[in-house]
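Take a look at the structure below.
A note on names: the letters A, B, ... follow the listed sequences, proteins ahead of strands, and every chain is numbered from 1. Fair warning: this is a prediction, and the values are worked out from it, not measured in the lab.
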Amino acid sequence: MDIFTIFSIRVAKAIEQSFSSETLPKALLDRIVVEPPRDSTHGDLSTNAAMVIAKPLGKNPREIAAKIVEFFEQDEDVKSVEIAGPGFINIRLKSHVWHQVLASILELGSEYGRSDIGKGEKVNIEYVSANPTGPMHVGHTRGAVFGDALASLMQFVNYDVTREYYVNDAGGQVDVLAKSVFLRYKQALGEDIGEIPQGLYPGDYLVPVGQALVSEFGKTLLDMPEKQWLELVKSRVLDAMLNLIKQDLAKLNIKHEVFFSEKTLHGENGEIAKTIAWLEEQDLVYQGKLEPPKGKTPDDWEDREQTLFRASNFGDDTDRALVKSDGSYTYFASDIAYHREKYIRGFNHQIVVLGADHSGYIKRLKAAVKAISDGEADVDVRICQLVRLLRNGQQIKMSKRSGELVTLAEVVDEVGSDAVRFMLLFRRNDVPLDFDFALVKEQTRDNPVFYVQYAHARACSIFRTAKKELPDMDIGEAALKKADLSLASSPEELELISIIAQYPRLIAIAAKAHEPHKIAFYIHEVAKGLHKFWTKGKENPNLRFVNANSLNVTLTRLALVHAVNVVLKSGLAILGVNAPEKLS
RNA sequence: GGCCCCGUAGCUCAGCUGGAUAGAGCAACGGACUUCUAAUCCGUAGGUCGUACGUUCGAAUCGUACCGGGGUCACCA
């Protein structure tokens, strides 16, 4: 348990003993936080407790704070405690507390920072879900990285996470894809196909698929009616595209446990039909007309009766169509069925990662999940904003029509998976992001990827130096655990410990908010702490890590460095970024 | 026109379930290298937190309106 949690409990106890806490609503008590003060000169811990409970108790916050302070004056872990500003209670800890923290990090190793927030509950995180019509482009990359890091983060706090990819293999675009491939098939048989007609997929990546069709079927497809070859070609090209996508994702070390096929939901007795029947039983479906959107009636607006889902009963702006004018299901109809299916599989927590162009879809999706689970399940939709690619300060223009898409594979091949992942996670997901190739490849402080990895490598180099300079000394993990940690007594060392002491708290905050970027920023701060201490050793030889004159202090400092690296490595692992021992 | 996101230092952004004097990096200026990899560190300067009301002991954070930027808007996926 981390110090912030420990002291939250003590604050609660102090309140309970000093005031008649039954008059205080629990929701209010939950607002009490123990956190590091914004300004570190205020102390190690700070709590707003007195201000939160002042009002219901009808007392002055500072008066209440005084009572709580009395309690902490007895605390053997507390060096000093004072009231500040409107009623903050600032606590300064004795150094043995920091040494205990350090000891626990060494003890826990890679387990440090874990918690049981998730209580083993099942969460389904659906991300990427790019249409299987070609290789992934950069537009998909952000959602891929975000979803993957979020999944790791949730696992770290003990959620039972399933990483899922929804394969849109049922819509009209798959027919188009198959027809595009059929053209490539003819081409492979030696036919001159000329320009790829408008509306078909022009990409070269379909060429090998056409060739594969020749080696599997020879010329036989040419003699079949379209109805027949279409199904065959569809199944082959879908397999091929999905493989392409899996290869792209593998470049970023992303692996989904479940690839869920939309197609399997269709059919007479399929899940969509069942779902709609179920919704009808609940009286959530009706025949009716929709109003055209205000201020913007589409040219081809057709005023007609359609099958509608009562989405507006669940917070959506309007009801939503389930059946298209040609009688087939809408995409949304299959999506309701899909989310119902997830719910039936036991996912009461669902997270869906979508691109910026889907923001209008959120309310609809939430309404659907509420309806199909009777309010039992929750869904959080995370929108990833656009990524602008920059080269030499110039934006790289991308166009789908001309086929000039920058692919995921190109970007990863150029700058590496670590850099791509870290840069995309070093920004809140709901804000647009510039990805500058030049910066990402730079090896300076400006480049946060490098800065953080360098800190880890630097720490590792300290161990290499120690081994070289003090070959007889045992600096294995077991030896580090036995180090006399009380020797880490300088303000610089205690400051560094206080930074890594925040890791569990940060993990908890990031996991609850579904915001992996918080980990990226925190890790950056840890790296800074290490670089800072390192430089201190330059100015003051007594603060060097490796010191032949004092083996005890050396061992303690190595233990500290190791603990810092535990945190760096753990945080980077959540982000899916390597922690190199050496930089080339 | 409706809905969603964004507006914080010259630039790029953190901070947003209300809390103290609003933070970091870059750029600018001034320092620290016979190095435990200076591929780093320290310092100075830089702000009407888009605007205006409101709620509150207390607002960058919550509410309303407006301004500016982006996205989206039956039947596509």
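If you check every strand for non-hydrogen atoms under 4.0 Å, A:D319 touches nothing. Contact annotation for A:G87: no contact, since no heavy-atom pair falls under 4.0 Å across all strands. Within 4.0 Å (heavy atoms only), A:P292 reaches no atom of the nucleic acid at all. Base engagement by A:D300 is indicated by at least one non-hydrogen atom pair under 4.0 Å involving a base atom. Within 4.0 Å of A:S46, counting heavy atoms only, lies at least one base atom of the nucleic acid. Looking at heavy-atom distances under 4.0 Å, A:A513 makes no contact with the nucleic acid at all. A:E302 comes within 4.0 angstrom of a base, heavy atoms only. Counting non-hydrogen atoms under 4.0 angstrom, A:G537 reaches a base of the nucleic acid. Residue-level contact check: A:I362 touches neither bases nor backbone, having no heavy atom under 4.0 Å from any strand. Counting non-hydrogen atoms under 4.0 angstrom, A:K363 reaches the backbone sugars and phosphates but no base. Heavy atoms of A:P448 sit nowhere under 4.0 angstrom from any nucleic acid atom. At a threshold of 4.0 angstrom between heavy atoms, the contacts of A:T330 are confined to the sugar-phosphate backbone, with no base atom among them.
Residue-nucleotide stacking is not present for A:W301 and B:A74, judged by a side-chain ring centre under 5.5 Å from the six-membered base ring centre and planes under 30° apart. Residue ring and base: A:W534 does not count as stacked with B:U40 (centre distance below 5.5 Å and interplanar angle below 30° not both satisfied).
If you check B:G47 for Watson-Crick or wobble pairing at under 3.5 angstrom, you find it has no partner at all. The base-pairing partner of B:G18, taking Watson-Crick or G-U wobble contacts with both distances under 3.5 Å, does not exist among the strands shown. Nucleotide B:C41: paired with B:G31 (Watson-Crick or G-U wobble, both distances less than 3.5 Å). Applying the Watson-Crick and G-U wobble criteria (two distances, each under 3.5 Å), B:G10 pairs with B:C26. In this structure, B:A60 makes no Watson-Crick or G-U wobble pair, since no nucleotide meets both defining distances under 3.5 angstrom.
The side chain of A:P293 approaches B:A74 more closely than any other nucleotide in the set B:C42, B:C36, B:A74. Listed candidates were B:C75, B:C36, B:C41. Nearest to the side chain of A:R364 is B:C75. Of all nucleotides listed (B:G18, B:A77, B:C41), B:C41 comes nearest to the side chain of A:K532. The side chain of A:V431 has B:A14 as its nearest neighbour among B:A14, B:A77, B:C41. Residue A:I462 has its side chain nearest to B:C36 when only B:A77, B:A20, B:C36 are considered. Nearest to the side chain of A:S325, among B:U12, B:C75, B:C6, sits B:C75. Taking the side chain of A:V546 as heavy atoms from C-beta on, and the options B:C36, B:A74, B:C5, the nearest nucleotide is B:C36. For A:F521, whose side chain is taken as the heavy atoms from C-beta onward, the closest listed nucleotide among B:A74, B:C13, B:C36 is B:C13. Taking the side chain of A:R38 as heavy atoms from C-beta on, and the options B:C75, B:A14, B:A22, the nearest nucleotide is B:A22. Nearest nucleotide to the A:R427 side chain, out of B:A20, B:A74, B:A14: B:A14.
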**Derivation and outcome, side chain to side chain contact (heavy atoms under 4.5 Å, CB included), residues A:W534 and A:I462** = CA-CA 10 Å; A:W534 174 288; A:I462 294 167; 3.4 Å; yes

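With no hydrogens or angles considered, no side-chain donor-acceptor pair links A:T133 and A:Q173 at under 3.5 Å. Side-chain atoms of A:S46 and A:N90 include a donor-acceptor pair closer than 3.5 Å.
For A:Y451, no side-chain nitrogen or oxygen approaches OP1 or OP2 of B:C26 to under 4.0 Å. For A:K441 and B:A39, the shortest distance from a side-chain N or O to OP1 or OP2 is not below 4.0 Å. Between A:K518 and B:G15 there is a side-chain polar atom (N or O) within less than 4.0 angstrom of OP1 or OP2. Side-chain N/O atoms of A:K366 include none lying less than 4.0 angstrom from OP1 or OP2 on B:C3. Contact check, A:H517 against B:G15: a side-chain N or O comes under 4.0 Å of OP1 or OP2. The side chain of A:R62 places no N or O atom within less than 4.0 Å of a non-bridging phosphate oxygen (OP1 or OP2) of B:C57.
Comparing A:L386 and A:A84 by the nucleotide of RNA chain B that holds the closest heavy atom to each, the one mapping nearer the 5' end is A:A84. Along RNA chain B, the nucleotide nearest A:K528 and the nucleotide nearest A:I509 are compared for position; the residue whose nucleotide lies closer to the 5' end is A:I509.
The base of B:A77 has none of its N or O atoms less than 3.5 Å from a complementary donor or acceptor on the side chain of A:D357.
Annotation: cation-pi pair A:R505/A:F4 present, NZ/CZ under 6.0 Å from the ring centroid and within 45° of its normal.
Across B:A22 and B:U8, the matching C1' atoms stand 8 Å from one another, rounded to whole Å. Separating the C1' atom of B:G18 from that of B:G63 is a span of 13 Å, rounded to the nearest Å. Nucleotides B:A32 and B:G70, compared at atom P, are 48 Å apart to the nearest Å.
The pair A:R388-A:D434 meets the salt-bridge criterion, since a charged nitrogen lies less than 4.0 angstrom from a carboxylate oxygen.
Under the 4.5 Å side-chain criterion, counting only non-hydrogen atoms from C-beta, A:Y127 is not in contact with A:L150. Between A:N429 and A:V353, the closest side-chain pair of non-hydrogen atoms is not below 4.5 Å.
Judged by distance alone, with hydrogens and angles left aside, the side-chain atoms of A:D378 form no donor-acceptor pair with the main-chain N or O of A:H349 at under 3.5 Å.
Using cut-offs of 30° and 60° on the angle between ring planes, the pair A:F533 and A:F545 is perpendicular.
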